[in-house]
Amino acid sequence: MSHRILILQGHPDASEPHLCHALADHYRQGAEAQGHEVRVIELAALDVPLLRSQKAWKTDPLPDALADAQASIAWCQHLVLCFPLWLGDMPALVKAFLEQVLRPGFAFEYVEGNPLGRKGLTGRSARVVVTMGMPAMIYRHLYRAHSVKSLERNILGFVGFSPVNETLIGSVETMSEKQRNAWFRKLHEFGANAR
């Protein structure tokens, strides 16, 4: 069965290719080889202004530069978000993008008497792919993958994505070519299976 997949490439440095770009590309290749329809958005290529107030988030219009990205989120059945861990969290560009596109009226609706509101993006799954310098096991067990868990539960889960799976790729600076190729094969497989 064919799926509509959106890959959000969240590496904020577009000046050269990074591991995140290669991982996302292998996912895309695997998905397309199995007949899935894939769109890729490079967040670093977008003009993503910062939101500076709750009022702006609730009432200001979505910037025109992000309208196609928001439409692609509505279009997709499966979302892949790939980024490097920076200062223990997603890069500011990724957070700013999510704040802009996942607004009330699109990603969720306020419902009187229900503090959780109504999820606007149900029926979609997601995979979060995070690269990091530290060993992934340390991030997962010592730091409890706190920022990724927050993204999965408080952002993606809050607006309806389920299930949300994660792929944590650590020790990227010391990774051998054999290890990199193993991750490329794994992402290719995830893409082929749209998961």
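FYI, the numbering just counts along the sequence from 1.
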Report yes or no: does [X] contribute a side-chain atom to a donor-acceptor pair with the main-chain N or O of [Y] at less than 3.5 Å?
X	Y	value
S171	T174	no
Q34	N193	no
E109	G120	no
W57	E99	yes
K119	G157	yes
R28	V38	no
H36	H3	yes
R127	R195	yes
S2	G35	yes
H21	H18	yes

Contact check, side chains of [X] and [Y], non-hydrogen atoms, under 4.5 Å:
X	Y	result
L43	F83	no
L98	V94	yes
R124	L6	no
L51	R103	yes
F158	L121	no
Q9	C20	yes
T167	K186	no

Between V128 and M90, is a side chain to side chain contact (heavy atoms under 4.5 Å, CB included) present by the stated rule, with each step listed? CA-CA 11 Å; V128 177; M90 69 184 92; over 6 Å; no

Considering residues, nucleotides and ligands other than [X], do more than 12 of their heavy atoms fall under 6.0 Å from its [atom1]?
X	atom1	value
D68	CG	no
R118	CZ	no
L87	CG	no
E16	CD	yes

For the residue pair [X] and [Y], what are the closest heavy atoms and their distance?
X	Y	answer
A31	I5	CB-CD1, 3.8 Å
A145	L168	CB-CD1, 4.3 Å
A44	P12	CB-O, 3.5 Å
F161	A126	CD2-CB, 4.0 Å
D89	S147	OD1-CB, 3.3 Å

K149: partners by salt bridge (charged side-chain N to carboxylate O under 4.0 Å, His left out), with sequence neighbours left out: E152, E166

Value rounded to 0.5 Å, distance of [atom1] in [X] from [atom2] in [Y]:
X	Y	atom1	atom2	answer
E173	M132	CD	CE	11.0 Å
E42	C82	CD	SG	9.5 Å
E32	H188	CD	NE2	9.5 Å
L79	I73	CG	CD1	6.5 Å
L102	L156	CG	CG	7.5 Å

Determine whether [X] and [Y] fall in the same hydrophobic cluster, where Ile, Leu, Val, Met, Phe, Trp and Tyr are linked whenever their side-chain heavy atoms lie under 4.5 Å apart.
X	Y	answer
V164	F97	yes
L85	I138	yes
F190	L23	yes
Y139	I169	no
W183	V80	yes

Which class fits the ring pair Y143 and H146: parallel under 30°, tilted 30 to 60°, perpendicular over 60°? tilted

For the residue pair W86 and H11, does the interplanar ring angle fall in the parallel (under 30°), tilted (30 to 60°) or perpendicular (over 60°) class? perpendicular

So which of I41, V101, I7, V40 actually passes side chain to side chain contact (heavy atoms under 4.5 Å, CB included) with S72? I41

Please assess F108 against F106 for the test ring pair (Phe, Tyr, Trp, His ring centres under 6.0 Å), listing each intermediate value before the final yes or no. CA-CA 6 Å; F108 69 97; F106 170 71; over 10 Å; no

side-chain hydrogen bond (donor to acceptor under 3.5 Å, both in side chains) involving S150 - partner list, sequence neighbours excluded: N154

For the pair E189 and R185, find out whether any cationic side-chain nitrogen is under 4.0 Å from an anionic carboxylate oxygen. no

